[in-house]
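Data first, discussion second: the structure below is written as structure tokens.
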There are 2 protein chains.
Amino acid sequence: MLPLSQTTGYAVRAMQCLQEPGGHPVLVEEIAEYTGIPHSYLSKLVHKLAKKGLVVARRGHHGGVVLARPAAEITLEDLSEAIDGVAWRKRCLIGLLGCSDANPCVLHEFWHETLNQVLVRLRSVTLADLAQNHDAGVERFRESHGLAEPAAHELEPERELVGHS
Amino acid sequence: MLPLSQTTGYAVRAMQCLQEPGGHPVLVEEIAEYTGIPHSYLSKLVHKLAKKGLVVARRGHHGGVVLARPAAEITLEDLSEAIDGVAWRKRCLIGLLGCSDANPCVLHEFWHETLNQVLVRLRSVTLADLAQNHDAGVERFRESHGLAEPAAHELEPERELVGHS
DNA sequence: ATCAATGATGATCTTCCGGTAATCTAATGC
DNA sequence: GCATTAGATTACCGGAAGATCATCATTGAT
């Protein structure tokens, strides 16, 4: 009933690997190896993101994927919306199909406000925010899972996390 | 990734129909007719709630279901926990298996705090709160959907109805 | 003791999501 | 233009959640 799906999580991790618009395209294959997301599944995911205008994918020699706009202009909400859509935001908490703004159930206002708080938070975090902690977080994960080494890694010291509280 | 499942919604609706502890037991059948939740599915749901100590169910003559404690002492969080458990609260937003409090991903703190805000809200609403608006909310819904009066009509097959496809 | 009322339970079906594999199509270099 | 490199697309598999059906087990009235 509030599906920030696993695939949206994948989307976040994939996007963390991408360059700013204009940079060298990153191969889906590279993202797959780096993140551990299955190649073929990632390919579809990327395609979805491309259709939504968040990334640009090119085929053939020197193809790959780049951000369609600056990382600072892509929020978690954008990713959630691109992958999971927005339909779930309108679903009644207790599943009454007749429930709507005009015809609210007992919990309508309560739930609407709850979702809103979550969305505000999702909107407050951008890809650029993530990049700042990218290495620290992902490196730890990679070590504990024996995944492939990235080409270059510059580990920034532990910073205060993105928390907006 | 934040599954307040459809079944939890059912649980809320079902619980709205119950009496205070000590009151006359309500039949699963009655709840099913009143709410539109499939009888057999509801039966399992009720059983789960009983195992969690939220309701008491008795079989046989004059059996039925009653609240195990006052409505004012049962929160939405209780229901969510009884049905969906708590595992999902600990899952990493972006699906990193190595992510934990000791080994946080970039979004760990952010997500933890987000979930917390939701939980605080779920904890702030009790069944008793719902009862106060029960009639207004549910009646409106029933009217606009032609659902059975507590005294059982039959439901039209083609109309969109909660949980029927 | 018996029987009917009523919840409990297990098998099965469907749908959706995550995931795999094979193949198609577009872009580039030669 | 042809081969190679990439992403795009299609078909299919498996598991979990929702839902249904049939059957079992318990309680209380008589």
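FYI, side chains are in, hydrogens and waters are out, and symmetry mates aren't considered; it's all heavy atoms of this structure. The sequence lines fix the lettering, A, B, ..., with proteins before strands; numbering per chain opens at 1.
- Put simply, CG on A/L27 is 10 Å from C1' on D/dG7, counting in whole angstrom units.
- Between the CD atom of A/E29 and the C1' atom of C/dT20 there is a distance of 14 Å, given to the nearest Å.
- Between the side chain of B/S40 and the base of D/dA19 there is no donor-acceptor pair of N/O atoms closer than 3.5 Å.
- With hydrogens and angles left out, the side-chain atoms of A/D78 and A/T75 include a donor and acceptor closer than 3.5 Å.
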Within the sub-3.5 Å range, which N or O atoms of nucleotides 28-30 of chain D have a protein N or O partner, and how far apart are they?
none

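- A/V120 and A/L115 fall into different hydrophobic clusters, defined by Ile, Leu, Val, Met, Phe, Trp and Tyr side-chain heavy atoms under 4.5 Å apart, directly or through other members.
- A side-chain donor from one of B/T114 and A/R121 sits under 3.5 Å from a side-chain acceptor of the other.
- Across the protein-nucleic acid pair, B/K48 atom NZ and D/dG18 atom C1' stand 11 Å apart, rounded to whole Å.
- In this structure, B/L4 places its CG atom 15 Å from C1' of D/dA17, rounding to the nearest Å.
- For the side-chain contact (heavy atoms from CB on, under 4.5 Å) with B/L18, the lone residue among B/V46, B/L127, B/L67 that qualifies is B/L67.
- Taking atom CD of residue A/E30 and atom P of nucleotide D/dG7, one finds them 9 Å apart after rounding to whole Å.
- Here the side chain of B/H47 is nearest to one of C/dG19, D/dA8, C/dA8, namely C/dA8.
- Regarding B/L45, its CG atom lies at a distance of 9 Å from the P atom of D/dG18, rounded to whole Å.
- At a non-hydrogen distance threshold of 4.0 Å, nothing from residues 74-85 of chain B comes into contact with DNA chain C.
- The distance from atom OH of A/Y10 to atom P of C/dG18 is 8 Å, rounded to the nearest whole Å.
- A salt bridge does not link A/K90 to A/D101: none of the charged nitrogens lies less than 4.0 Å from a carboxylate oxygen.
- By the 6.0 Å contact criterion, CZ on B/R69 is enclosed, its count of non-hydrogen atoms from other residues, nucleotides or ligands being greater than 12.
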Mind running side-chain hydrogen bond (donor to acceptor under 3.5 Å, both in side chains) on A/T7 and A/Y41 for me, showing each step along the way? CA-CA 9 Å; A/T7 306; A/Y41 193 57; 2.7 Å; yes

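- We find that NE2 of B/H39 is positioned 12 Å from P of D/dC21, with the value rounded to whole Å.
- Remark: B/R123 does not engage B/E81 in a salt bridge, criterion side-chain N to carboxylate O under 4.0 Å.
- Checked by distance alone, B/K44 brings a side-chain donor or acceptor within 3.5 Å of a matching partner on the base of C/dG10.
- Within the structure, no pair that satisfies the salt bridge (Lys or Arg N to Asp or Glu O under 4.0 Å) test touches residues 14-30 of chain A, not counting sequence neighbours.
- Here the side chain of A/Q6 is nearest to one of D/dA8, C/dG19, D/dG18, namely C/dG19.
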